[in-house]
Amino acid sequence: MRLTRAQQQERTRASVLFAAAAEFAEWGYAEAKVDRIAERAEMTRGAVYSNFPSKRSLYLAVLLDALQSRHVGGFDTVPEDVAAAGEAFARVWLERLPLAGDSAAAARFRSLSVTGVFDDEPGRAVQAQLIALETLLLALRLETCRPRAARRVRLAELMLTLLTGADHLAETAAGFGDPFEVARACRYLAAMEGLDSWDPPHLPFIAPAVPCSESWDPPSSVTDAMIDGPVGLGGDGVVLFLGARRLGGAEEAVRAVRPGDSLTVVLVGGDPVEVGALVRLRVSDLALCLRRVFGPGGLGTVSGVPVRVVLDEGGVVAAAAGLSVGDDTEEAVRVRGGRIVARARGRGAGHAAAVVGGESEG
């Protein structure tokens, strides 16, 4: 049977990904060669680049493909206390650690490592923002555990510091250390957590949202990355748009949103094949770990407010809000009764949109 053009393109892409996975696992990112990948796939160098514009975009595509094939089984019982949840999350995270016999290249590939892939200053800035977002998402799940706590971001920071440290050490010294001891250490960290408050001094100086009255016609459903399933955007609440270099602004909206609303954090950007793929990889990886520990329910609620995370790769949600977006985007809209009733832009936009009072919504 003759293949359609789309089917042929998909087959070519799959062949390139298969060949690239073997190349990166053998040589690592830095030493891998596109010419060898083309030879493995029995294609020309031009055919590889026609599907992937750079070696970096190809590497990220391979990691995303590997992530999708990972084991997704969870625990029989969802941990309810924070100490047990801390240990369970660590155990899932540490499954990526390389084995003692792995080569350095295979070790980095197994752990979905992007070490050395984004080593320029813009890339480092994005990764710092990604860590801030990952910390918040883990913290929101830990905050639902007993004993309930208003904020567990510091705990999440400590856990991710320990886990990523174990991950990086294992890349360079495969087989060193005991992952069960690291997981137990995360349990101890969770059990001995200290006070954690939210009172940033800049909040009173954030520019207020501007009242408006505009149509709001979002897609009928989008995918919440935390549940890997569809959600609607038609209800009242705040929609926060964050570029890859502004992801740390999510918590300002999370802590300010009001009961009865919803909060949707929409991740946007200007470069879907590299920076966008990195964001998708890291957020999807963390979300998979959280689902395996806590079940398919997503982040749950913060003060009764459902929180969703949307990867707006096609820009359809941003277009519905009338936004032109990039990696430095930080904008928010408040939606009420099917209309946009306030807009905010710049640092703290999510907070500004969340605290808009009914009397000032136009």
inquiry  = For Thr135 versus Glu157, what's the shortest heavy-atom pair and its separation?
reply    = CG2-CG, 3.3 Å

key: Separation of Leu278 CG from Gln127 CD (nearest 0.5 Å)   = 5.5 Å

query = Can you tell me if Asp312 uses its side chain to pair, donor with acceptor, with the backbone of Ala318 under 3.5 Å?
reply = yes

message = Could you go through Arg124 and Glu121, starting from their C-alpha distance and side-chain angles, then the distance that decides it, and tell me whether this counts as salt bridge (charged side-chain N to carboxylate O under 4.0 Å, His left out)?
response = CA-CA 5 Å; Arg124 288 161 61 89; Glu121 284 309 309; 3.3 Å; yes

task = Indicate, with yes or no, if Val78 and Phe89 share a hydrophobic cluster defined by side-chain heavy-atom contacts under 4.5 Å among Ile, Leu, Val, Met, Phe, Trp and Tyr.
result = yes

message = The test is side chain to side chain contact (heavy atoms under 4.5 Å, CB included); show your working for Ser50 and Thr12 and say whether it passes.
response = CA-CA 10 Å; Ser50 69; Thr12 299; 5.9 Å; no

ask   = When hydrophobic residues are tied together by side-chain contacts of less than 4.5 Å, even through go-betweens, does Val153 share a cluster with Leu203?
value = no

ask   = When you measure from the side chain of Lys55 to the backbone N and O of Val34, does any donor-acceptor pair fall under 3.5 Å?
value = no

inquiry  = I need the Leu240 CG to Leu247 CG distance, nearest 0.5 Å.
reply    = 9.5 Å

query = Arg347 versus Arg246: any side-chain heavy-atom pair under 4.5 Å?
reply = yes

note = Tightest non-hydrogen contact, residues Ala352 and Ala207, listed as CB-O, 3.4 Å

ask   = For Ala321, does its backbone N or O pair with a side-chain atom of Arg343 as donor and acceptor, under 3.5 Å?
value = yes

query = Do Leu242 and Gln129 have side chains that get closer than 4.5 Å, going by heavy atoms?
reply = no

ask   = Is there a donor-acceptor pair closer than 3.5 Å between any side-chain N or O of Arg291 and the backbone N or O of Met226?
value = yes

message = For Trp93 and Thr164: C-alpha separation, side-chain torsions, deciding distance, then whether side chain to side chain contact (heavy atoms under 4.5 Å, CB included) applies.
response = CA-CA 9 Å; Trp93 180 279; Thr164 54; 3.8 Å; yes

message = If you compare all heavy atoms of Asp261 against all heavy atoms of Pro306, which two are closest, and at what distance to 0.1 Å?
response = O-CD, 3.4 Å

ask   = Is there a donor-acceptor pair under 3.5 Å between the side chain of Glu143 and the backbone N or O of Arg152?
value = yes

inquiry  = Quick check against the 3.5 Å criterion: does Arg334 have a side-chain atom that pairs as donor or acceptor with the backbone of Val341?
reply    = no

request  = Would you check if Asp327 and Pro122 make a side-chain contact, meaning some heavy-atom pair closer than 4.5 Å?
outcome  = no

Closest non-hydrogen atom pair between Val283 and Ala225, with its separation = CG1-CB, 4.1 Å

key: Nearest-0.5 Å distance that lies between atom CZ in Arg91 and atom CZ in Arg184   = 12.0 Å

key: Worked verdict on Arg36 versus Glu39 for salt bridge (charged side-chain N to carboxylate O under 4.0 Å, His left out)   = CA-CA 5 Å; Arg36 282 200 299 260; Glu39 184 178 350; over 6 Å; no

task = Indicate yes or no: at least one non-hydrogen side-chain atom of Glu87 is less than 4.5 angstrom from one of Cys186.
result = no

ask   = Are Val273 and Val16 grouped together when hydrophobic residues (ILVMFWY) are joined by side-chain heavy atoms under 4.5 angstrom apart?
value = no

ask   = Judged by atom type as modelled, is there a donor-acceptor pair below 3.5 Å linking the side chain of Asn51 to the main-chain atoms of Ala47?
value = yes

task = Quick one: pull up CZ in Arg282 and CG in Leu267 and give me the separation to the nearest 0.5 Å.
result = 12.5 Å

key: Val266 side chain near Leu233 side chain, heavy-atom distance below 4.5 Å   = no

key: Interatomic distance, Leu286 atom CG to Ile131 atom CD1 [nearest 0.5 angstrom]   = 12.0 Å

ask   = So, Arg336 side chain and Asp236 main chain: donor-acceptor pair closer than 3.5 Å or not?
value = no

inquiry  = What I'd like to find out is whether the side chain of Phe52 reaches to under 4.5 Å of the side chain of Leu60, using heavy atoms alone.
reply    = no

note = dist Tyr49:OH -> Met43:CE (nearest 0.5 Å) comes out at 15.0 Å

same_hphob_cluster(Val268, Val316) at 4.5 Å side-chain heavy-atom cutoff = yes

request  = Kindly indicate whether the side chain of Val210, heavy atoms from C-beta on, has any atom under 4.5 Å from the side chain of Arg345.
outcome  = no

task = Sort and list the pairs that fulfil ring pair (Phe, Tyr, Trp, His ring centres under 6.0 Å) and have at least one residue in residues 195-240, not counting sequence neighbours.
result = none

message = Is it the case that the side chain of Arg141 and the backbone of Leu138 share a donor-acceptor pair, with hydrogens and angles ignored and the cut-off at 3.5 Å?
response = no

inquiry  = Taking CD in Glu42 as the centre, count heavy atoms belonging to other residues, nucleotides or ligands within less than 6.0 Å. Is the count above 12?
reply    = no

query = Taking all non-hydrogen atoms of both residues, which atom of Pro79 and which atom of Val293 are closest, and how far apart?
reply = CD-O, 3.3 Å

task = Would you list the pairs meeting ring pair (Phe, Tyr, Trp, His ring centres under 6.0 Å) in which at least one residue belongs to residues 4-37, sequence neighbours left out?
result = Phe24-Tyr59, Tyr29-Tyr59

key: Considering all heavy atoms, the nearest Leu142-Gly86 contact   = CD2-N, 4.4 Å

request  = Assess whether atom CG of Asp217 is packed by more than 12 heavy atoms of other residues, nucleotides or ligands within 6.0 Å.
outcome  = no

request  = Could you walk me through whether Leu281 and Val114 pass side chain to side chain contact (heavy atoms under 4.5 Å, CB included), step by step?
outcome  = CA-CA 10 Å; Leu281 174 70; Val114 293; 4.2 Å; yes

ask   = Ile206, Val254: one ILVMFWY side-chain cluster at the under-4.5 Å cut-off?
value = no

ask   = So, does Arg96 use its side chain to make a donor-acceptor pair with the main chain of Ser113 at under 3.5 Å?
value = no

message = List the residues meeting side-chain hydrogen bond (donor to acceptor under 3.5 Å, both in side chains) with Arg339, not counting sequence neighbours, and say none if there are none.
response = Ser213

message = Let's go through Arg151 and Asp196 carefully: what are the C-alpha distance in whole Å and the side-chain angles of both, what is the deciding distance for salt bridge (charged side-chain N to carboxylate O under 4.0 Å, His left out) to 0.1 Å, and is it a yes or a no?
response = CA-CA 6 Å; Arg151 190 171 189 259; Asp196 189 351; 2.5 Å; yes

ask   = So, do Leu97 and Asp167 sit near enough that their side-chain heavy atoms are less than 4.5 Å apart?
value = yes

inquiry  = Within the supplied structure, the quantity of interest is the number of heavy atoms (other residues, nucleotides, ligands) at a distance under 6.0 Å from Glu31 CD; does it exceed 12?
reply    = no

